Protein chains: 2
Amino acid sequence: MATSTVENYIKQIYLLQQNTSGERVSVGKLAAMMGVVPGTATSMVKALADSELVEYEPRAGLRLTRGGEQLALHVLRRHRLVELFLVNVLGLDWSEVHEEAEDLEHAISDKVLNKIDAYLNSPQFDPHGDPIPSARGKVPDMECRSIADCPVGRSFRISRITDQDSKFLQFAERNGLTPGVTIRITDRNSEADAVTIHVSGRRVMLGTSAATKILVEDKAARTR
Amino acid sequence: MATSTVENYIKQIYLLQQNTSGERVSVGKLAAMMGVVPGTATSMVKALADSELVEYEPRAGLRLTRGGEQLALHVLRRHRLVELFLVNVLGLDWSEVHEEAEDLEHAISDKVLNKIDAYLNSPQFDPHGDPIPSARGKVPDMECRSIADCPVGRSFRISRITDQDSKFLQFAERNGLTPGVTIRITDRNSEADAVTIHVSGRRVMLGTSAATKILVEDKAARTR
DNA sequence: ATAATAATTTTGAATGCTCAAAATATAGAG
DNA sequence: CTCTATATTTTGAGCATTCAAAATTATTAT
């Protein structure tokens with residue numbers, strides 16, 4: 001069985017691969033995300049390669065194998081189902097559940113996971129709008145782009161917030177920027193590096209780097 | 001912070017102390033319960049003594065300090081609240097929740113624990129009738145003795161099953177021997193080493209070693 | 001009191017994960 | 001094409017936990 005350290009590395013590699021759309025991940029980036037010194041990442045990656053969870057070309061980077069991806073998806077499934085459970089059933093705030101799930105994702109058996117899944121009615125998205133992989137490793141797809149590159153004047157539905165930082169999530173919540181909410185993009189000023197949106201009457205200004213973290217889809221889009 | 005290994009040792013020492021009513025625990029017994037070789041227990045115990053969780057007299061045995069006891073009670077609180085939650089909310093079988101809780105007890109934060117406690121209405125006993133220590137470390141007291149040494153002819157209410165083995169728990173459940181149930185002791189045969197009881201019409205025979213694991217209290221006893 | 005037995009501790013080594021610091025490879029600038 | 005800055009890997013070491021096997025101590029029976 002994979003230790004929770006291994007699960008964390010694999011999960012992180014998966015997430016890095018997502019960002020760079022499938023490119024090889026560099027050992028340095030991985031080390032930075034894991035909060036370890038580069039040498040540590042190197043030796044861990046070698047171990048992961050020995051267990052056939054990643055393909056590793058020294059100095060060129062690494063990529064998950066099929067098995068590694070399966071493991072990553074399984075960990076993410078646990079993480080995200082737990083997050084949703086904590087919010088919907090136990091009433092924790094969405095800004096704090098990421099931290100909690102970081103530990104729980106390694107301690108939950110399939111038996112309990114399936115009960116949670118059933119209790120929640122096999123949901124497809126967690127409280128931040130992140131897709132919950134199915135038990136068989138299928139990821140619900142979502143077409144969405146960030147507020148930072150949406151056309152001005154149109155309305156959208158917020159589908160996902162891609163930052164787990166609790167300060168940011170609290171800010172988003174205070175301003176009504178949560179998944180499911182409809183917003184209208186009213187102005188973009190590339191000099192000021194800012195976007196103005198309207199959300200339930202209020203007017204909110206976002207710098208580009210914040211806007212990038214909020215993903216939306218067309219108003220007409222599928223039910224969530 | 002205590003590692004989960006440390007938490008497990010401390011918990012086990014506490015449970016051993018309970019059985020031997022406060023006597024010093026021997027390193028050998030501890031090793032056996034933890035499933036490690038005696039030398040391992042010795043070195044762990046030394047480390048626990050360094051952290052002031054136990055008092056340790058080489059060759060004479062060990063005892064929890066006040067701090068150690070606090071930690072044990074906190075772990076037990078997590079374990080037992082989780083067990084009850086798994087049974088009452090997620091619908092797991094009482095025979096399987098002990099295993100599940102073994103991992104979860106180390107991964108649950110106080111924040112989540114308090115939510116669970118509130119959700120369950122600050123319960124005092126887990127599904128096996130084991131007392132749940134309060135957040136401040138108070139253990140609800142229960143007066144009870146085992147079926148093995150109860151007078152014949154009287155009725156009692158089952159209050160606790162002191163064996164987490166899932167086979168035994170399944171057997172108990174099949175025969176209606178669960179906390180809250182009323183039984184009547186109809187015969188004791190010390191030659192055969194057996195007790196006969198009646199539970200909801202049925203007649204069940206128990207060897208002494210099984211009978212010892214089932215604790216009862218007077219019919220009139222407090223609500224559970 | 002002594003020898004045998006049982007419990008405990010010590011020693012030396014392994015595993016998994018980590019760091020600090022030195023060595024090495026690669027890419028870009030001149 | 002060579003030099004330098006940057007990324008990566010290697011090396012040596014430490015911590016927590018474990019085992020196997022040897023050494024020590026305590027207990028019991030004679």
Side-chain angles (χ1 to χ4, degrees), chain A residues 1-14 16-17 19-20 23-64 67-68 71-72 75 102-103 105-107, chain B residues 1-14 16-17 19-20 23-64 67-68 71-72 75 102-103 105-107:
Chain A
M1 275 296 86
T3 65
S4 54
T5 308
V6 165
E7 288 190 347
N8 282 332
Y9 274 90
I10 293 297
K11 179 181 62 170
Q12 200 54 67
I13 294 166
Y14 178 89
L16 284 169
Q17 268 184 200
N19 288 352
T20 59
E23 293 292 307
R24 272 224 251 278
V25 171
S26 78
V27 171
K29 288 245 166 54
L30 178 57
M33 295 306 297
M34 292 299 299
V36 298
V37 113
T40 301
T42 299
S43 56
M44 190 65 199
V45 164
K46 282 199 230 167
L48 297 177
D50 286 348
S51 335
E52 317 218 353
L53 291 168
V54 306
E55 283 166 32
Y56 170 50
E57 294 276 5
R59 243 131 200 153
L62 55 132
R63 190 188 354 238
L64 292 180
L71 177 55
V75 176
E102 282 297 305
D103 284 340
E105 69 185 10
H106 308 296
Chain B
M1 274 298 81
T3 65
S4 54
T5 307
V6 166
E7 288 189 348
N8 282 333
Y9 274 91
I10 293 297
K11 179 182 62 171
Q12 201 54 68
I13 294 166
Y14 178 89
L16 284 169
Q17 267 182 201
N19 288 352
T20 59
E23 292 294 307
R24 271 222 250 278
V25 170
S26 79
V27 170
K29 287 243 165 54
L30 178 58
M33 295 305 296
M34 293 299 298
V36 298
V37 115
T40 301
T42 300
S43 58
M44 191 63 199
V45 164
K46 281 199 229 168
L48 296 177
D50 286 348
S51 333
E52 316 217 357
L53 291 167
V54 306
E55 283 166 33
Y56 170 50
E57 293 276 8
R59 240 125 204 158
L62 54 132
R63 188 186 355 234
L64 291 180
L71 177 54
V75 176
E102 282 298 304
D103 285 340
E105 69 185 8
H106 308 295

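Proteins get letters first, then strands, A, B, ... in listed order; numbering begins at 1 in each. What you see is a predicted model, and the numbers here were worked out from it, not measured in a lab.
A search for side chain to side chain contact (heavy atoms under 4.5 Å, CB included) contacts involving A/Thr20 returns A/Glu23, not counting sequence neighbours. Applying the salt bridge (Lys or Arg N to Asp or Glu O under 4.0 Å) criterion to B/Glu102, with sequence neighbours excluded, gives B/Lys11. Legend: residues meeting side-chain hydrogen bond (donor to acceptor under 3.5 Å, both in side chains) with B/Asn8, ordered by chain and number and at least two apart, are B/His106.
Side-chain nitrogen and oxygen atoms of B/Thr5 include at least one within less than 4.0 Å of the OP1 or OP2 phosphate oxygen of D/dT17. Put simply, B/Thr3 has no side-chain N or O that comes within less than 4.0 Å of OP1 or OP2 on D/dA16.
Annotation: proximity of residues 25-39 of chain B to DNA chain D (heavy atom, distance under 4.0 Å) is found for B/Gly35, B/Val36, B/Val37, numbered in ascending order. Looking at residues 41-61 of chain B, you'll see B/Ser43, B/Met44, B/Arg59 sit with a heavy atom under 4.0 Å from some atom of DNA chain D.
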Name the atoms and distances for all side-chain donor-acceptor pairs under 3.5 Å in residues 39-50 of chain A, with sequence neighbours left out.
from	atom 1	to	atom 2	distance (Å)
A/Thr42	OG1	A/Pro38	O	3.3
A/Ser43	OG	A/Gly39	O	3.4
A/Ser43	OG	A/Thr40	O	3.1

Show me the side-chain donor-acceptor pairs of residues 56-63 of chain A shorter than 3.5 Å, one per line, residues at least two apart or across chains.
none

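A/Glu52 CD: 12 or fewer foreign heavy atoms inside a 6.0 Å radius.
A/Gln17 places a side-chain N or O within 3.5 Å of a backbone atom of A/Leu64 that can act as its donor or acceptor partner.
Here C/dT15 presents its C1' atom at 18 Å from CE of A/Met1, a figure rounded to the nearest Å. Atom P of nucleotide C/dC17 and atom CD1 of A/Ile10 are separated by 11 Å, given to the nearest angstrom. Distance, B/Leu62 CG to C/dT8 C1': 12 Å, rounded to whole Å.
In this structure, B/Ile10 and B/Gly68 approach most closely via the heavy-atom pair CG2-O, 3.3 Å.
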